[in-house]
Every structure is written in structure tokens, then in C-alpha cells.
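Remarks on the structure that follows.
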2 protein chains.
Amino acid sequence: MSENMVLDRKDYLIMQFLQENGWLQTKELSARIGLSNSATAQRVKLLKEAGYIESAHAVVQRDIMGAHLEALFLMELDKHDEEIVEEFMREIVQLPEVLSAFLVTGRHDVVVNVVAQDMLHLKKLAFEQFTNRPFITRIETSMVYASRHSRVLQPLM
Amino acid sequence: MSENMVLDRKDYLIMQFLQENGWLQTKELSARIGLSNSATAQRVKLLKEAGYIESAHAVVQRDIMGAHLEALFLMELDKHDEEIVEEFMREIVQLPEVLSAFLVTGRHDVVVNVVAQDMLHLKKLAFEQFTNRPFITRIETSMVYASRHSRVLQPLM
DNA sequence: ATTGAAAGGTGTTGGCC
DNA sequence: GGCCAACACCTTTCAAT
């Protein structure tokens, strides 16, 4: 029942509403999509079991966490040995300051989105966690004036 | 009660656990932090009312949404008139293909994280929504091989 | 902060259309 | 498949300690 589940419009609606608001209750959700409470709960359960709904996460205010500055590190790597790069990506995303990391083609090789308390913190982060590593040949730091995030991925078809 | 709330370690624990798993129930949460059910529910309610916990969002599998490709658009703008740029940021993050957008200092001016079904889709997106606009002077498209996201913002102090 | 109670929501299951 | 009813469990809010 989980692998080859066929999704209809109501399943996509459920996923859209739960992306917009992860705290939406079954009662409200069922009212919106026009199904009974139990039918809706069933679908949500199946969508989770099938892995189509992966997880949910609360979003907290940044300042309360001391994240007053945001930046992008645009980095170039020396050797693109897959193992090293994959391990590097896994490692950095564990750092409390790292929000996301992208392994990319083009002028840069890795783009990392970080937060920091202040410039001193950012400097220490850059030097002690990145400049540090021998396979990183260059880091360009772009300060972020403003960032916006869409938390809802809609069907593109 | 909402503005100048003093947060203790248990409040930070609550926020950490709810960032890791937005579906955590009060019962489980209270057991983890060592408080009674109702005390925990109270704290969560206050944290939400104070705006420290802003929202929650389910995360869905990308392929099911047809998002098979990911890219970064690294863009340079002609004139940095604040109104135009702010409006531009607001607009693009509404597009279904745009996951996030960063207004930054440095070599680039705006970095946009997008998804697309395929190369044709990506090309149309780039040309019809970005290259299009008169104030965008250059776009560099970096394909994303892999991306990782931390959904938990820890206190940096 | 805790306990206990009341009211309402949840999630599951079984019977039925 | 969806619906309904029923049941056990959990949540939320309140007052009292």
C-alpha cells in the first residue's frame, strides 16, 4: 500500500495544506478538502507511511537564537573526490551555524548558508571551519541583507 | 506576557525538539523535558503567542512534486533601488519553482534556489521569469548536485 | 509547577454503502 | 474507495493546591 500509491487531487491538497501549516488539525483539514474526519486521517497516515510526507519542523524566531547575521559562503574546492566532498557536506550541515549547503556546478563548488551572532563569530566560523580545510581553495563571503523562504513545494506538473 | 518573556533551558529544549519534529505530542515532549503535561502545553502556547515559535511546516518528497532538478540562479542587478528589489524578492518567492531567495553583498546581488521538472522547464523559468526583467543584468545558473538542510536552529550563545 | 477534571479532538477499527 | 459510529487515548484549559 505504500510503494505504488496513486495520488489524487485531495492527496496533493493535504500535502499543500500541511506544508503551509504543519499544525493543522484533522478536523480543519478534512473540512477544507471535503472529506470526513476518518477518511482524512487515513490519507494522512498513508502519505506519511509511503514517505511522501517526510517530516515536519517548527520554525523559530532567529534573534532569540542569537542568529543576528546571515551569510553565504561561496567556495571553490581543489579536488572533487566524491567521498571527501560528501563527508564535508554531511559534516558542515551539523554545525549549529549552518542552515543549508549546496554542491553545485559552475564558478563555485559549494554554497553554504550560515548564520552568526556577529562579525567576530562569522570570522571565526569561516576561518576555523572552512578556510581551515586543505581542499578548500577559496571562500567568498556574501553577507545576506534579506532572505525569503517558500515552505510550500507545489506540484510542478 | 508575550513581549518580555524570559526563556530558560526548558523553553530552548522545547523549541529544539519541535524544530526536529513538529509532530511531537505534548505527552512525549513533557516526558523529554521533565515537566508535567499541562505545564508543557502552557509553555508551548506562550512560546507561540510570543512569536518565538513562528510556524510549522510539513516537508514532502520532492520527486512526487515533479521537482527533479535543482539549481541556484546567481544574479546581478543593474540598479539597487530598494522598492524594486524588495518587490522582486516578494514576487519570485511566490513562484512555485522558487524555494528561497537571498539578497546579498559581493559579486552577486541576488541568489535564488529553484527546482524544476527538467532542463526545458528550468530554461523557461530562467528566461521568462528572470532574464526577462530589465534590471537583471546577468544570471549565472549553477546546477545543484546535492543539497542538505538543517531544520534546527540552535542557540548560538 | 502540579494535580485532577471537563470538554473536545484524534486515531483506529468494524460495519455499511 | 468513502462514510459513520464507537472507543480509548491525548490535548487543552481551568481551578485549586
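Chain letters run A, B, ... following the sequence lines, proteins first and then strands; every chain starts at 1. A quick note: this is a predicted structure, and the numbers were derived from the prediction, not measured.
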request  = Not counting sequence neighbours, list each pair that qualifies as a ring pair (Phe, Tyr, Trp, His ring centres under 6.0 Å) and has a residue in residues 99-127 of chain B.
outcome  = A:His108-B:His108, A:His149-B:Phe102
key: Basic-acidic side-chain contact under 4.0 Å: A:Glu20, A:Arg151   = no
task = Considering only NZ, NE, NH1 and NH2 on the basic side and carboxylate oxygens on the acidic side, decide whether B:Arg62 and B:Glu70 come within less than 4.0 Å.
result = yes
Using a cutoff of under 3.5 Å, can you pull out all pairs of nitrogen or oxygen atoms linking the protein to nucleotides 8-10 of chain D, with atom names and distances?
from, atom 1, to, atom 2, distance (Å)
D:dC10, OP1, B:Lys27, NZ, 2.9

ask   = Which listed nucleotide (C:dG4, C:dT13, C:dG11) is nearest to the side chain of A:Gln42?
value = C:dT13
query = Roughly, in whole Å, what's the span from CD in B:Glu28 to C1' in D:dT12?
reply = 18 Å
query = In whole angstroms, how far is the P atom of D:dG1 from the CG atom of A:Asp11?
reply = 10 Å
Interatomic distance where CH2 belongs to A:Trp23 and P belongs to D:dT12 [whole Å] = 11 Å
request  = In whole angstrom, give the distance that lies between atom NZ of A:Lys10 and atom C1' of D:dG2.
outcome  = 9 Å
inquiry  = Taking the basic N atoms (NZ, or NE/NH1/NH2) and the acidic carboxylate oxygens, is any pair closer than 4.0 Å for B:Glu91 and B:Arg133?
reply    = yes
task = Counting heavy atoms from C-beta on, name the nucleotide in C:dT2, D:dT13, C:dT13 closest to the side chain of B:Lys45.
result = D:dT13
key: Nearest-angstrom distance from the residue atom CG of A:Leu47 to P of C:dG11   = 13 Å
message = What I want to find out is whether B:Arg43 reaches B:Asp8 closely enough, with some N-O distance under 4.0 Å, to be called a salt bridge.
response = yes
task = Just compare C:dT2, D:dC3, D:dT12 and give me whichever is closest to any side-chain atom of B:Leu35.
result = C:dT2
query = Does A:Arg43 put a side-chain nitrogen or oxygen below 4.0 Å from OP1 or OP2 of D:dG1?
reply = no
ask   = Any side-chain donor-acceptor pair under 3.5 Å between B:His68 and B:Asp63?
value = yes
